[in-house]
Amino acid sequence: MDPTKFIEGIDRQLARRKVELSNLSLMVSEQNPDPHRLSCIARSAVVLAYAHWEGFVKRGSSSYVDFVNSAQVRVVDLKFPFQAAHVLSAFKRASGTVKTRYLGELLREIDARRTEIFSVSPDKCINTESNLSSGVFKEIVQGVGLEVLPLYETRSVFIDQRIVLARNQVAHGELVSFDGQDVKDRIDGVRLLIDTYASQLKDAAVAGEYMNS
């Protein structure tokens, strides 16, 4: 896949999500709305903001792994997280053993498979688990061979408390309420995060950051 096509795909996905997030932001910013209607919109917006957060990280990361698959490069030439994903099945078969015979076979298989052309299912690199917390997000970023940016560190509490926890409270039936400005701030925060991650993925594709330097 040409990097240009990958970038176009990321941009299309990002644009659709940002349009809906912008519409939600406008809805919770209405002047003098009915308070019951605003409460319903605000609670729904909190859940959708989380959905776009998890959705973009998962889909964008999967697209990046597919892009690396399409590069048709040897496993040994890729960063170690990709190498590990390619030989993951071998690790699982040897899990729990301390016998040198089996460990020797594992090392021989890994060494042989490192000369293969890289090809893995994205779910070997990406797992959003039950919630895309800041910790899980960082694992995904590192799992596709990228750097955890300073923004991701500084926004960890925001992700965990204002996006993940709030979504869980609403989704699990708690009658929590949010005011319009509070929800707008959460939406703006999600847009910043997915914008930043999108740029990081696109830059990595263009610069070939998946390669083992």
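Checked against salt bridge (charged side-chain N to carboxylate O under 4.0 Å, His left out), K184 has the following partners two or more places apart in sequence or in another chain: D188. Legend: residues meeting salt bridge (charged side-chain N to carboxylate O under 4.0 Å, His left out) with R114, ordered by chain and number and at least two apart, are absent. Shown here are the salt bridge (charged side-chain N to carboxylate O under 4.0 Å, His left out) partners of E147, two or more places apart in sequence or in another chain: there are none. Listed by chain and residue number, F6, Y210 satisfy the ring pair (Phe, Tyr, Trp, His ring centres under 6.0 Å) test with F67 (two or more places apart in sequence, or in another chain). Under the salt bridge (charged side-chain N to carboxylate O under 4.0 Å, His left out) criterion, R162 pairs with D182, sequence neighbours left out. Under the rule for a side chain to side chain donor-acceptor pair (under 3.5 Å), S199 has no partner lying at least two apart in sequence or in another chain. Shown here are the side chain to side chain donor-acceptor pair (under 3.5 Å) partners of T4, two or more places apart in sequence or in another chain: D2. Here E153 pairs with K138 under the side chain to side chain donor-acceptor pair (under 3.5 Å) rule; sequence neighbours left out.
Around atom CD of E139, no more than 12 heavy atoms belonging to other residues, nucleotides or ligands sit under 6.0 Å away.
One hydrophobic cluster, built from ILVMFWY side chains closer than 4.5 Å, holds both V73 and V65. Cluster annotation: F158 is connected to W53 through the hydrophobic network of ILVMFWY side chains, with a link wherever side-chain heavy atoms come within less than 4.5 Å. By the criterion of side-chain heavy atoms lying less than 4.5 angstrom apart, applied directly or through intervening Ile, Leu, Val, Met, Phe, Trp or Tyr residues, L24 is not grouped with L26; the two fall into different hydrophobic clusters. Linking Ile, Leu, Val, Met, Phe, Trp and Tyr whenever their side-chain heavy atoms come within less than 4.5 Å puts L201 and L149 in one cluster.
Residue pairs meeting the ring-ring contact (aromatic ring centres under 6.0 Å, His included) criterion with at least one partner in residues 165-198, sequence neighbours excluded, are F137-Y197. Within the structure, salt bridge (Lys or Arg N to Asp or Glu O under 4.0 Å) pairs that include any residue of residues 69-84 comprise R74-D77 (at least two apart or interchain). Listed by first and then second residue, the side-chain hydrogen bond (donor to acceptor under 3.5 Å, both in side chains) pairs involving residues 7-21 are D11-K202, Q13-R17, R17-H52, K18-D195, E20-H52 (not counting sequence neighbours).
Side chain of S63 to main chain of R59: a donor-acceptor pair is present (N/O by atom type, distance under 3.5 Å, no hydrogens or angles). Listed for the N212 side chain is no donor-acceptor partner under 3.5 Å among the backbone atoms of F80. The backbone N or O of K124 sits nowhere less than 3.5 Å from a side-chain atom of S121 that would complete a donor-acceptor pair.
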Using distance only, find each side-chain donor-acceptor pair of residues 38-48 under 3.5 Å and give its atom names and separation, not counting sequence neighbours.
| from | atom 1 | to | atom 2 | distance (Å) |
| --- | --- | --- | --- | --- |
| R43 | NH1 | E174 | O | 3.0 |
| R43 | NH1 | V176 | O | 2.8 |
| S44 | OG | C40 | O | 2.9 |

